[in-house]
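All chains are named by letter (A, B, ...) in the order of the sequence lines, taking the proteins before the strands, and each is independently numbered beginning at 1. Since the structure is predicted, the reported quantities are computational estimates derived from the model, not experimental observations.
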Amino acid sequence: MQIGYACLAIAVPESGLKSCTLKNATEDQLLSLIGHNLDSLEKIIDYNIRNGILLFRISSDLIPFGSSVAAKLPWQNIYAEKLSTISNKIIRTGMRVSMHPGQYTVLNSPIDSVVERAVQDLNYHTKVLDCLGLGPAHKIVLHLGGVYGDKNQAKSRFISNFKRLASSVQKRLVLENDNTMYHISDVLETAATVNAPVVYDTLHNAVNPADCGCADLDWIRQCSTTWKGSDGLQKIHYSQQHSIKKPGAHSESIRIDPFLELYGQLEDMDLDIMLEVKDKNISALKCIYCVSNRGIRMLETEWARYKYSILEKSPEIYQAIRQLLRDKNTYSALEMYHMIEMASCIPTSVGNAVNAAQHVWGYFKNKATETEKRRFQNMLQKYSLGETSLQSVKNTLLLIARKYNEDYLLNGYYFYI
DNA sequence: TGACGTCAAGATCCG
DNA sequence: CGGATCTTGACGTCA
């Protein structure tokens, strides 16, 4: 059983993906972006390994315009060495990766050109995983597509188009229930006819339920039978509803108690859980540390990343967590995260925010230039007077942290949450 | 025709 | 000029 996250990692320096607009997508530009993005991918994989995260979704944006303009470029040869390095890291650690074309890859469209582009897109995703030397347990997750006024016809068009895909593509595909069109019952039925495994998405089912009283666990059990030997472990997608955004929108962070409630029901099953959440790796580590004891040192490292974000919310909770981790025999990841969640609910007061910013500034006060000192003090003053945002203060500190390579701060969450 | 979702690029505004 | 804050882009479907 592994818990993972999708596409990008927060507070992992130099791990961002670059892109460009179609009109700037020259060969040189694309190849340079691809090189940069592969470097970023390697940094994310390294981060995952260091932190014991062995489930990860590779972003479709890895190769900009990978299914169209860049499909004609020999990036797999030019970057063969880099791909092989990444491949070795994934395989050596037993990491499982996946990819997930978005809502605009529609295999069952009645429009030929749309289907053709979907095929190209699935070929592209397959090529990435193939180039990394990864077997068919490293999946590509796909939705069924549109309905076009006749769901049965749309389903059969999906099936016939699926059967025309290259077998290398078919072997990797898994089908997922979606937000609006195809609920889990639809997907199970269609997947059965093409022998594809099914990914059950909890939030999609909450928003677009199959009309029966089945609970998450029932659907997860039903989906488990669709996963055969070479497919690897069953996978599910887990996410929670955003507190104010519209139904189906992912939450900022995973609340640990509801997660553990489902997790507790899965104890006799072995499956991989992909989290879909705004704070990505941060919530993945939260869930991992709460279901398995990875030792006090890992937890302390994680606490260190949260420190100033919590100090900014509540000096009291900050002290309480320090106290909690002081006792190496009775420490509890769950308790720590309960306190972190409590703190994150508190609205930020100007006084606490200024206090936290000054703590962060403490890293530089002996080495910063006069200009930097003045810039920070001005910024903080303006924030105190309500003339600028807290994020501006943080951005100022972030630039200084980058300049002085203050890794401890750059690996923490203060600048990002 | 706009909304949907996503994230970075690109454009523009401001001191 | 640099940084903050919009707007656009790229994709297809549906109301």
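- Here the P atom of nucleotide C/dG12 and the CD atom of A/E116 are 12 Å apart, to the nearest Å.
- For an aromatic pair to be called close, the ring centres must be under 6.0 Å apart, and A/H250 with A/H237 fails this.
- Taking every side-chain heavy atom of A/K278 into account, B/dC7 is the closest of C/dA4, B/dC7, C/dG12.
- Here A/S109 lies in heavy-atom contact (under 4.0 Å) with sugar-phosphate atoms only.
- Under a cutoff of 6.0 Å and an axis angle of 45°, A/K307 and A/Y414 do not form a cation-pi pair.
- Counting only N and O atoms by type, the side chains of A/R57 and A/S59 include no donor and acceptor under 3.5 Å apart.
- Per the geometry, CD1 belonging to A/I58 stands 16 Å off P belonging to B/dC7, to the nearest Å.
- An OP1 or OP2 oxygen of C/dT13 is reached within less than 4.0 angstrom by a side-chain nitrogen or oxygen of A/Y148.
- The residue from A/T126, A/I58, A/V141 that alone fulfils the side chain to side chain contact (heavy atoms under 4.5 Å, CB included) condition with A/M99 is A/I58.
- Closest to the side chain of A/M181, out of B/dA3, C/dC14, B/dC7, is C/dC14.
- Listed nucleotides: C/dA4, C/dC11, B/dC7. Nearest to the side chain of A/S392: C/dA4.
- Distance CG (A/N208) to C1' (B/dC4): 15 Å, rounded to an integer number of Å.
- To the nearest angstrom, C1' of B/dC7 lies 16 Å from CD of A/E276.
- Checking C/dC14, C/dT13, B/dG5 against every side-chain atom of A/V106, the shortest atom distance belongs to C/dT13.
- Atom CG of A/D121 is separated from atom C1' of C/dG12 by 12 Å (rounded to the nearest Å).
- No engagement by A/S59 is indicated, since no non-hydrogen atom pair under 4.0 Å with the nucleic acid exists.
- Under a cutoff of 6.0 Å and an axis angle of 45°, A/R157 and A/Y148 form a cation-pi pair.
- Between A/L142 and A/L122 there is a side-chain heavy-atom pair separated by less than 4.5 Å.
- The phosphate of B/dG5 (OP1 or OP2) has no side-chain N or O of A/K245 nearer than 4.0 angstrom.
- Minimum atom distance to the side chain of A/R117 is reached by C/dG12, of the listed C/dG12, C/dA10, C/dT13.
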Contact state string [nucleotides 9-15 of chain B, B base, S sugar-phosphate only, - no protein heavy atom under 4.0 Å]: SS-----
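- Of all heavy-atom pairs between A/G146 and A/V106, the closest is N-CG1, 3.9 Å.
- Look at CG on A/D61: it is 13 Å from P on B/dT6, rounded to the nearest Å.
- Closest approach to the A/V147 side chain among B/dA3, B/dC7, C/dC14 is made by C/dC14 (side chain taken as heavy atoms from C-beta onward).
- The distance between atom CZ of A/F158 and atom C1' of C/dT13, rounded to the nearest whole Å, is 16 Å.
- A side-chain donor-acceptor contact under 3.5 Å links A/N208 to the backbone of A/D178.
- Position along DNA chain C of the nearest nucleotide to A/T105 versus A/R375 favours A/R375 as the more 5'-ward residue.
- Listed nucleotides C/dA10, B/dG5, C/dG12 differ in distance to A/L22; the shortest reach to its side chain belongs to C/dA10.
- The listed nucleotides are B/dT6, B/dC7, B/dA3; the one nearest the side chain of A/K280 is B/dC7.
- Put simply, OH on A/Y104 is 6 Å from C1' on C/dC11, counting in whole angstrom units.
- Residue-level contact check: A/N395 touches the backbone only, with heavy atoms under 4.0 Å from sugar-phosphate atoms and none from bases.
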